Amino acid sequence: MKIKTITCHEVYNYGASLQEYALLEFLNNHGHDASVIHYKPPYLSGHFKMWSVSPRFDKPILKQLYLLAKLPSRLKALKKKKAFDVFHDNYIPTDDRLYTNNKELKEITPEGDVFICGSDQIWNSFFQNGKDPAFYLNFVPDNKVKISYAASFAIDELEASVKPLVQENVARMEAVSVRETSGLRILEDLSIEKATQVLDPVFLLERSHWDHFIFPITEDYIFIYDFDSNPLIKAIALELKQEKGWKIYSLNQNIDYADVNYWLEGPERFLSLVSQSKINLTNSFHSLAFSLIFQQQFVVVNRTEKINTRMRDLLQLLDLEANLVTTKKDYDVLNKIDFAKVVPVQDQHIERSRQFLKNSLTS
């Protein structure tokens with residue numbers, strides 16, 4: 001069966017790239033011909049622009065000085081772009097034709113028997129992609145099968161202006177699944193009750209599959225994946241470093257207290273760091289997801305942006321809410337995760353997620 005997926009594509013984010021890869025790999029491993037639509041709207045195409053200028057600096061002379069100041073760091077950042085581009089070229093089958101808006105997709109719709117939107121935060125209306133009809137398969141004709149897999153709103157409530165878009169287009173789908181329980185509530189509020197909750201695509205693949213991307217790290221370390229320079233994460237990390245003698249590794253350029261920072265490296269480095277740390281301290285959904293896959297100890301702290309339902313709902317699903325901490329005191333009384341209890345529950349949800357996809361494609 002020829003399957004086309006659509007997601008936030010080539011956005012140079014570890015989680016976004018790995019979930020995209022996982023869904024395609026699962027589908028192709030089950031005998032389908034799956035590839036992602038090369039969809040790059042302007043709002044998702046601003047990464048690594050050498051000559052972009054902030055509006056407040058877009059004035060004669062000031063613009064030139066701004067670009068001159070930014071050029072060294074932008075040239076250095078191209079190493080990260082290359083690492084992701086190599087991963088995409090090697091592992092993510094992508095259609096040749098480039099689309100930049102829903103209108104183009106409607107005019108020349110990619111050929112496919114089934115269209116799947118998801119996963120990641122494609123329906124998060126906090127960002128522009130959540131307001132883009134393309135991510136709700138608006139461009140797909142009525143006679144084609146339309147499925148959402150683990151689509152994420154990542155918020156608890158939709159703003160009123162977005163509800164008609166979501167309701168009209170999701171109602172057209174033959175099978176609907178979302179990643180969070182909060183997503184089920186959002187759809188129920190729109191009178192869409194046919195939705196199922198499933199896990200992120202990265203859980204569809206066996207742990208042994210991810211092991212192929214990992215290279216060994218011999219030093220003991222704490223892995224920090226923190227977008228907000230969160231002071232609680234920093235406090236926990238520095239205390240552990242002093243108490244245990246562990247180094248601090250990170251992939252975030254903003255983490256200036258890390259002993260080693262790999263922010264210029266690609267998805268393989270991310271998987272290697274998550275899988276072998278003494279503990280993962282994070283506010284990233286996919287750092288949490290891979291901590292669970294690799295059975296690594298972790299602590300989660302909320303993001304400053306209103307996109308925390310993703311982590312909260314996954315932890316609740318596995319009875320690990322205590323590992324979402326808000327104060328140092330919460331961390332001090334935290335028990336070590338007993339994965340012997342977690343894994344059987346997690347495996348049930350993984351099997352349920354796999355069956356949703358298989359059933360949706362064969363029904």
Side-chain angles (χ1 to χ4, degrees), residues 10-26 29 76-92 119-120 199-227 233-234 236-237 240-241 244-301 311 314 323 336-337 339 342-343 346 350:
E10 291 182 352
V11 292
Y12 300 96
N13 173 279
Y14 298 104
S17 296
L18 292 169
Q19 65 82 22
E20 181 179 27
Y21 161 77
L23 180 57
L24 291 166
E25 184 73 3
F26 179 81
N29 284 347
K76 186 177 182 180
L78 290 179
K79 182 180 177 182
K80 182 169 188 173
K81 180 181 186 300
K82 182 178 180 181
F84 272 85
D85 288 342
V86 169
F87 182 85
H88 289 164
D89 291 344
N90 289 339
Y91 300 113
I92 299 178
S119 173
D120 217 18
L199 296 183
D200 188 90
V202 299
F203 288 98
L204 295 173
L205 304 178
E206 299 287 348
R207 171 181 172 167
S208 58
H209 187 99
W210 294 112
D211 286 338
H212 295 302
F213 292 102
I214 291 168
F215 45 83
I217 302 172
T218 57
E219 192 171 40
D220 292 339
Y221 63 93
I222 306 153
F223 177 47
I224 307 296
Y225 197 52
D226 168 19
F227 295 94
I233 289 179
K234 181 178 181 179
I236 296 171
L240 283 171
K241 179 181 178 179
K244 304 288 188 179
W246 299 337
K247 293 291 184 67
I248 297 174
Y249 288 2
S250 184
L251 275 165
N252 304 100
Q253 188 179 9
N254 57 297
I255 303 302
D256 56 9
Y257 58 89
D259 295 295
V260 187
N261 199 313
Y262 295 100
W263 71 276
L264 291 173
E265 299 198 26
E268 295 92 340
R269 174 64 71 175
F270 173 84
L271 291 171
S272 298
L273 289 173
V274 174
S275 65
Q276 298 166 73
S277 72
K278 289 298 183 180
I279 188 170
N280 296 323
L281 307 179
T282 188
N283 49 31
S284 154
F285 173 85
H286 280 103
S287 183
L288 164 60
F290 279 105
S291 296
L292 290 164
I293 289 170
F294 292 118
Q295 298 180 30
Q296 293 294 104
Q297 299 297 314
F298 64 83
V299 171
V300 179
V301 177
M311 299 174 289
L314 179 56
N323 286 75
K336 189 174 182 180
I337 300 169
F339 281 102
V342 175
V343 170
Q346 183 173 298
I350 291 173

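All values reported here derive from a predicted model rather than from experimental measurement. In what follows, every heavy atom counts, from backbone to side chain, and hydrogens, waters and symmetry copies are set aside.
- Here the straight-line distance linking atom CZ of F26 with atom CG of L205 works out to 8.0 Å at 0.5 Å rounding.
- Of all the heavy atoms in S287 and T282, the pair that sits closest is CB-OG1, 3.3 Å.
- Side-chain atoms of D200 come within 3.5 Å of backbone N or O of V202 as a donor-acceptor pair.
- Heavy atoms only, all atoms of each residue included: P201 and A22 are closest at O-CB, 3.3 Å.
- Separating the CG atom in L251 from the CG atom in L264 is a distance of 10.0 Å, to the nearest 0.5 Å.
- The nearest pair of heavy atoms linking I293 to R207 is O-CD, 3.5 Å.
- Rounded to the nearest 0.5 angstrom, D85 CG and L78 CG are separated by 9.5 Å.
- Taking CG of D220 as the reference point, atom NZ of K244 lies at 11.0 Å (rounded to 0.5 Å).
- Looking at I255 and Y249, their side chains never come closer than 4.5 Å, going by heavy atoms from C-beta outward.
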Review point. Please walk me through it: do L314 and L199 pass side-chain contact (heavy atoms from CB on, under 4.5 Å)?
Key: CA-CA 8 Å; L314 179 56; L199 296 183; 4.1 Å; yes
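- Side chains of V260 and Y221 form no contact here, defined as non-hydrogen atoms less than 4.5 Å apart.
- Side-chain contact between Q346 and F203 is present, with at least one heavy-atom pair separated by less than 4.5 Å.
- Residues F339 and L292 have side chains in contact (heavy-atom distance under 4.5 Å, counting atoms from C-beta outward).
- Residues L204 and L23 are in side-chain contact: their nearest non-hydrogen atoms beyond the backbone lie under 4.5 Å apart.
- Y14 and Y12 have their aromatic ring centers separated by at least 6.0 angstrom.
- Residues forming a side-chain hydrogen bond (donor to acceptor under 3.5 Å, both in side chains) with Y21 (at least two apart in sequence, or on another chain): H209.
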Exercise for review: Decide side-chain contact (heavy atoms from CB on, under 4.5 Å) for S250 and W263; before the verdict, give the C-alpha distance in whole Å, the side-chain angles of both, and the deciding distance to 0.1 Å.
Suggested key: CA-CA 7 Å; S250 184; W263 71 276; over 6 Å; no
Point to revise | Audit row: D120, H286, side-chain contact (heavy atoms from CB on, under 4.5 Å) steps and yes/no | key: CA-CA 10 Å; D120 217 18; H286 280 103; 3.6 Å; yes
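- Contact between I217 and Q276 at its shortest, heavy atoms only, is N-OE1, 2.8 Å.
- Annotation: salt bridge (Lys or Arg N to Asp or Glu O under 4.0 Å) contacts of D226 (sequence neighbours excluded): none.
- A donor-acceptor distance shorter than 3.5 angstrom exists from the side chain of Q19 to the backbone of A16, with no hydrogens or angles considered.
- Rounded to the nearest 0.5 angstrom, F270 CZ and F223 CZ are separated by 5.5 Å.
- Here CG of L240 is found 6.0 Å from CD1 of I279. Values are rounded to the nearest 0.5 Å.
- For E265, the salt bridge (Lys or Arg N to Asp or Glu O under 4.0 Å) test picks out R269, with sequence neighbours left out.
- For K247, the salt bridge (Lys or Arg N to Asp or Glu O under 4.0 Å) test picks out E219, with sequence neighbours left out.
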**Study point:** side-chain contact (heavy atoms from CB on, under 4.5 Å) between F298 and V274, intermediate numbers included
**Key:** CA-CA 10 Å; F298 64 83; V274 174; over 6 Å; no
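- Every residue meeting the side-chain hydrogen bond (donor to acceptor under 3.5 Å, both in side chains) condition with S17, not counting sequence neighbours, appears here in chain and number order: H88.
- Under the 3.5 Å distance criterion, the side-chain polar atoms of Q297 are left unmatched by any main-chain donor or acceptor of K336.
- Scored by the side-chain hydrogen bond (donor to acceptor under 3.5 Å, both in side chains) test, D211 finds no partners at all (sequence neighbours excluded).
- Residues F215 and S272 approach most closely at N-OG, 3.1 Å, considering heavy atoms.
- Ring geometry for F227 versus Y225: interplanar angle over 60°, hence perpendicular rather than tilted (30 to 60°).
- Using modelled atom types and a 3.5 Å distance limit, the side chains of N280 and S291 yield a donor-acceptor pair.
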